Visitor: 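Can you keep this structure in mind? I'll have questions shortly.
All values reported here derive from a predicted model rather than from experimental measurement. Residue numbers start from 1 in every chain, and the chains themselves are labelled A, B, ... in the order their sequence lines are given, proteins ahead of strands. Heavy-atom basis, side chains included; hydrogens, waters and symmetry copies ignored.
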Protein chains: 2
Amino acid sequence: MDTTQRTEQQRSADRRRRELLEAADRVVLRDGPQASMNAIAAEAGITKPILYRHFGDKSGLYAALAKRHTDALLNSLREALDAPADRRERVEATLDTYLAAIEARPQVYRFLMHPAEGGTGTDQGFDVGKHSAPLLRRMGEELAQVIEERLDLGPGSQQLARVWGHGIVGMMHAAGDWWLGERPCTRAQLVKSLADLLWGRLAAAGDKVGGPGF
Amino acid sequence: MDTTQRTEQQRSADRRRRELLEAADRVVLRDGPQASMNAIAAEAGITKPILYRHFGDKSGLYAALAKRHTDALLNSLREALDAPADRRERVEATLDTYLAAIEARPQVYRFLMHPAEGGTGTDQGFDVGKHSAPLLRRMGEELAQVIEERLDLGPGSQQLARVWGHGIVGMMHAAGDWWLGERPCTRAQLVKSLADLLWGRLAAAGDKVGGPGF
DNA sequence: AGACTCGGGTTACCGCTAGTAACATATTAT
DNA sequence: ATAATATGTTACTAGCGGTAACCCGAGTCT
């Protein structure tokens, strides 16, 4: 009948969509974030217009692609964040989970951080703030929520939690990015150093002696 | 004779170069980071190949342009960082300086964070880690140096300082980016929240009562 | 004077990208 | 059979970064 047919077609469409996303995944994994629509279409064994029929435009495809990985990573992070352990352990586990993920698949990670880079130039005037990777934003909000749920921060806790959420995520991201490029230490050392920073060792450290003679 | 002529020409070339950079500046300020070479050339009153003669390629121009702003911003930051005040005040002043800068010229700031986005595809294989904005890296290294110079961190201080430098810069950047987009609070509040985070309030906060029944 | 290099400039092009219009084909409903 | 609908293709546009080839005016050598 009518309904069964529609579902038939939709199922087929959904399967196609998944296939296309997987092909795109492979290409991005190989070529990095500047993978072209042509290349993705070729990898999927079809031609460009089909991609556009399914995803609208490039940022549409990228958004769909990003959503999958972002969801997956966020699930891992939630797990680490919700583990039954004390706070320091949970923080370290979360940092380590993130760093392990970006270490395992740098190209994907790189893609997630530099997604669209501006569309056809629609209004390009005051959309500043939207340019940051959605992954960072989502992680920031997620962490903010956990912080606000679990910690007693007194008045203004919600705003404080959000600032901290985005700040901590940014710290993790920048440090991870730098670490991935230079590999100056092991992952465990990096995790410990960052956790130490969050634990206030910066404020607690003493001044160095023998300063500028004063 | 010969030398004077060479310097004459070089002076002229340098002046041209500055003019071109200023034109590029105007365009970037107007169009954001995706300003095209054509547009920049037009703004400067000349045509593309001249730009290429002066700067090699787009990333060359962008690098030159970025260097100016990066240097300027880093000078301001150094000033705040070296002020004769206690540590907390210096940290807050530095955060505030950075945030004021990105608040004043968001387009420029946006450009500094998303500079090249990949050249003609030379080797595009394993250069991960290089994609982050040079500004972030330079700020991270700079801060690391100051930390290592001034703080007594015990053994492994150099690595610790570098991790912290990049981590703190990342925190500042991500929080600033988010703040610029949503404007959820005043700059002063943001500064205080971030400083609180660095001062270990995350570790010091108490657990919230009335958790999941356990 | 006349040929000659040489720096600053332009036009016209290449190869590539994102995105689209128009045409072709199969499957299905009536 | 016929109309409609999804699925796919070819062939195109507009604009990008980048470059080769030419062009012209000013100074220099003989």
Visitor: Between C1' on dG17(D) and OH on Y62(B), what's the gap in Å once rounded to a whole number?
Guide: 11 Å

Visitor: What is the distance, to the nearest angstrom, from the CZ atom on F55(B) to the P atom on dT19(D)?
Guide: 15 Å

Visitor: Measure CG/L51(B) against C1'/dT19(D) and give the value in whole Å, please.
Guide: 14 Å

Visitor: Let me have the donor-acceptor pairs involving side chains of residues 16-23 of chain B, under 3.5 Å, with sequence neighbours excluded, atom names and distances please.
Guide:
{"residue": "R16(B)", "atom": "NH1", "partner": "E19(B)", "partner atom": "OE1", "Å": "3.3"}

Visitor: Could you check which of dA18(C), dT7(D), dT10(C) has an atom nearest any side-chain atom of I50(B)?
Guide: dT10(C)

Visitor: For I40(B) and dC16(D), what is the distance between atoms CD1 and P respectively, to the nearest whole Å?
Guide: 11 Å

Visitor: In whole Å, I'd like the distance from the CZ atom of R15(A) to the P atom of dT7(D).
Guide: 11 Å

Visitor: Taking the side chain as C-beta and beyond, is there a heavy-atom pair between R138(A) and D71(A) under 4.5 Å?
Guide: yes

Visitor: Check the distance between dC16(D)'s P and D57(B)'s CG and give it to me in whole angstrom.
Guide: 17 Å

Visitor: Excluding sequence neighbours, so at least two apart, what forms salt bridge (Lys or Arg N to Asp or Glu O under 4.0 Å) with E142(B)?
Guide: R78(B)

Visitor: According to a strict under-4.0 Å criterion, is T47(B) in side-chain N/O contact with OP1 or OP2 of dG9(C)?
Guide: no

Visitor: Whole-Å distance between dA14(D) P and Q34(B) CD?
Guide: 21 Å

Visitor: Do R16(B) and dG8(C) have a side chain to base donor-acceptor pair shorter than 3.5 Å?
Guide: no

Visitor: Out of dG18(D), dA18(C), dT10(C), which has the shortest distance to the side chain of Y52(A)?
Guide: dA18(C)

Visitor: Under 6.0 Å from the six-membered ring centre of W179(B) and within 45° of its axis: does the NZ or CZ of R183(B) meet both?
Guide: yes

Visitor: For nucleotides 12-17 of chain C, list the nitrogen or oxygen atoms of the protein found under 3.5 Å from its nitrogen or oxygen atoms, one pair per line.
Guide:
none

Visitor: Kindly write out the residues that satisfy side-chain contact (heavy atoms from CB on, under 4.5 Å) with A203(A), not counting sequence neighbours, or none if the list is empty.
Guide: W199(B)

Visitor: Sequence neighbours left out, what pairs pass salt bridge (Lys or Arg N to Asp or Glu O under 4.0 Å) with at least one residue falling in residues 44-56 of chain A?
Guide: none

Visitor: How many Å lie between CD on E19(A) and P on dT7(D), as a whole number?
Guide: 12 Å

Visitor: Taking only residues two or more places apart in sequence, or in another chain, which ones meet R26(B) in a salt bridge (Lys or Arg N to Asp or Glu O under 4.0 Å)?
Guide: E43(B)

